[in-house]
Amino acid sequence: MLGLFLCAVAFFVGALAMAGWIFQQPQWRSFLASGSQMKANTAFCLMLLAAALAVRTFRPASALARMAANAAALLVGTIVSLTLAEYWFEADLGIDQFLFKDTSTVGTSDPGRMSPPSAVSFLFGALTVFALELETRIGLRLAQLLALAMAFVPAHILTSYAYGNMNVLAFGSRKSYMAVPTALALMALALSVLAYAPDRGLMRSLTASTQASRVFRRLLVALFVAPPLLGWFVLKFLDGRNSPPEFGVSTTVMLCIVFLAALAWFNAARLNRTELNLEKAKQDAERANRAKDQFLAMLSHELRTPLNPVLLAASALEADSSLSADVREQLAMMRRNIELEARLIDDLLDVTRIAHGKLELHPEVVDLHVAIEHALGISASEIEARKLKITKRLDAAEHHASADAARLQEVFWNILRNAVKFTPIGGQIAISTQNDDGGRVVIQFADTGIGIEPNLQPRIFEAFEQGEPSTQMRYGGLGLGLAISKRIVDLHQGSIDVRSSGRGQGSTFTVKLNAVESSRLKTATNVSPGSIVTPASAEILVVDDHEDSARVLQRILRNAGYRVSSCGSVAEARALAAERKFDLVISDIGLPDGNGLDLMRSLRETHGLSGIALSGFGTEEDLAASKAAGFITHLTKPVDLERLRSAINLALNGAAGR
Ligand code: ADP
């Protein structure tokens, strides 16, 4: 809008001068400075260029109008080029008197000829019309640079007029002046080009809402206003006109330096203050974030610890064949729900890890078909309860990937769990794998469930996104599973996406992972997690200050055939270890009189004991600290029987080998 207005102003100035020529009214061709008059050619070019720029900056303009605008700019370019050629070659091409007979020698040595500065400025102006849309790869816009060059000439002329310095206005030995209205109109046109794309190129630094742009705007205003004012001050009060010019120049330069230094200091002081405030705000935010992380870790610890004995007891009793099927079914239900609770806590912690970029992978060669089967195994009871039909077409010939087995299984389980949750009773879930041409394994889970609206599909991989509120009310969850899955798959350089034709149309999740060629696979020795190698004489020390946990653990381990002692503090543990020889210690980390890490270190050193950490803390740092202290495995509470058994198995096998 501003651009169009400026073009209209320039057009009006040109049209007024042209009318001055038609109706022989010299005062219409000059205002503000009586000595200068706008030539007929200049008025003509001004009208053409103003119209061309107006059309080019007016976006709904038709293609024909734009072509006409380009033609007008071309005509302007030709006229001014010929004019410059006349000056250069000292020739008369007949264009000066073409429109009107002009014999006036006021402000020019060549009657009717456009002044050289005007011609140069117009030439830049004509080029801006063609360059309006051009932008370089680094974001420079040619038209803006041309507009600055175009504005420089009239700005210089206007300043010279203001100081009465007519020497500058003459071009070489010829006295050809740019008229004041011409200078003003050309400035307006240059500004209209700058206003065309105010948020791009050079103009972005001026118009952005950042602190730096604010400073730039302030400086620019000051720069435009202060030096001319200082110059005027010197001329008026220090009598610069009568003293030698060096005096005027040196005084003006000095005053400018003082003024600009003061201005720079003022802005630097303000920026400094802002920067310090920002730094402080950043530190506060980081502190608050650390406090939040600590709180989350503590909270999860507190929430997990009481779940531990319940989960252990439930899974042990569930495996007890002396109990009735009905009771065991109830126990399975309890176990599932405790696991779900623990899972929600894990998800919350994982999201924090992802936000901090701390999700770590422990890659190994993983058989994706086995991982899928495991995920199916975990969901088996729900699948059965919902009477879902599972079809499998695991056709991928290359079905191994370099991946973190546990994390990948988590991804498959998340997808499968959703498919089970969002598919009505009696529905179908089809799982397939195949290899694509890019050496990847493509794993698909297609369900016949409630489907996902197209607009929701890109968002479901964002944390806490669950689509419509009714979904959350009806199906529960936190909306974290897919966000975590996406991050995990991304870390594996794979991809995960969803396709659904909409509500009620089912959903298909596709995971793509880079396959490891079978030829590069080592024959893996598969240790079945269920098979326990228990030295009959194995003696285990349980250290946990949470009494229920310690008691249940002790009972379960005794039932499994181990000899077990338990205690609730570091001191008691040390005393027991000094008394008797243990094969393994299973220890909590947070203990009333110290921590399990120090305990592990000392037991390892003095008695050569190996150990398993069993803790409510489960961040990557906690896992790393346990490893550093010498624990063979770090299990996070609540732990189920299977995981505990395989950890003990591993620890004892390792211990036996020593
Ligand atoms: P949660 O299931 O805990 O809400 P997820 O991140 O696993 O969180 O899923 C996010 C959302 O994506 C779900 O709330 C649901 O709206 C949608 N969604 C995921 N899987 C399916 C599916 N198989 N069918 C329909 N909607 C799904």
Side-chain angles (χ1 to χ4, degrees), residues 296 300 303 336-355 359 371-372 375-376 378-383 385-392 406-433 442-492 494-512:
L296 267 179
S300 80
L303 291 173
R336 274 199 307 277
N337 282 286
I338 297 162
E339 279 170 353
L340 187 66
E341 184 90 48
R343 172 99 226 142
L344 290 178
I345 301 168
D346 280 348
D347 279 359
L348 272 175
L349 277 182
D350 273 350
V351 169
T352 328
R353 277 181 210 150
I354 288 173
L359 201 68
I372 293 172
L376 269 170
I378 301 173
S379 309
S381 50
E382 280 90 348
I383 292 172
R386 297 182 69 80
K387 301 194 171 42
L388 299 174
K389 184 161 176 259
I390 305 284
T391 57
K392 278 184 285 180
R407 288 293 184 186
L408 204 58
Q409 191 166 312
E410 185 180 343
V411 172
F412 295 153
W413 183 54
N414 273 332
I415 298 174
L416 202 58
R417 191 175 51 148
N418 282 337
V420 171
K421 185 159 85 168
F422 294 112
T423 304
I425 292 178
Q428 245 190 54
I429 300 174
I431 306 171
S432 68
T433 66
V442 182
I443 307 130
Q444 283 198 325
F445 297 82
D447 64 53
T448 55
I450 62 167
I452 306 168
E453 295 292 356
N455 62 345
L456 182 61
Q457 288 172 25
R459 289 200 325 233
I460 58 169
F461 296 102
E462 288 164 22
F464 301 107
E465 182 57 72
Q466 293 194 290
E468 290 157 29
S470 57
T471 314
Q472 188 188 2
M473 295 293 287
R474 201 165 148 204
Y475 297 97
L478 286 177
L480 296 178
L482 289 180
I484 294 168
S485 301
K486 173 150 177 47
R487 186 65 193 138
I488 294 173
V489 174
D490 284 349
L491 284 174
H492 283 91
S495 69
I496 176 168
D497 56 48
V498 64
R499 242 182 327 103
S500 169
S501 311
R503 277 270 146 210
Q505 307 291 308
S507 314
T508 302
F509 283 83
T510 308
V511 178
K512 291 184 186 166

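We count ligands from 1, going down the list as the structure has it; atoms in each ligand are counted the same way.
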*Give yes if a backbone or side-chain nitrogen or oxygen of Asn418 is under 3.5 Å from a nitrogen or oxygen of ligand 1, and no if not.*
yes
_Quick check: closest heavy atoms across Ile429 and Ala419, and the distance to 0.1 Å?_
CD1-CB, 3.8 Å
*Taking all heavy atoms of Thr508 and all of Ala446, pick out the closest pair and write down the distance.*
OG1-CB, 3.5 Å
_Could you measure the distance from the NZ atom of Lys486 to the CG atom of Asp497? Nearest 0.5 Å is fine._
9.0 Å
Against heavy atoms of [X], which atoms of ligand 1 measure under 4.0 Å?
| X | value |
| --- | --- |
| Leu480 | 6 (O), 8 (O) |
| Gly451 | 25 (C) |
| Ser507 | 22 (C), 24 (N), 25 (C) |
| Asp447 | 22 (C), 23 (N) |

_Would Asn414 count as a contact residue for ligand 1, given that I'm defining contact as a non-hydrogen atom of the residue lying under 4.0 Å from a ligand atom?_
no
Under 4.0 Å from ligand 1, counting heavy atoms only, is it the side chain of [X], its backbone, both or neither?
| X | result |
| --- | --- |
| Lys421 | side chain |
| Ile415 | neither |
| Phe461 | neither |

Flag the pair [X] / [Y] as yes when at least one side-chain heavy-atom distance between them is below 4.5 Å, and no otherwise.
| X | Y | answer |
| --- | --- | --- |
| Ile431 | Leu376 | yes |
| Ile460 | Phe509 | yes |
| Arg386 | Val420 | yes |

*From Leu482, Ile450, Val498, Ile460 - option closest to atom 5 (P) of ligand 1 by heavy atom*: Leu482
*asked:* I'd like to know if the side chain of Gln457 reaches the main chain of Ser500, judged simply by a donor and an acceptor atom lying under 3.5 Å from each other, with no hydrogens or angles considered.
replied: yes
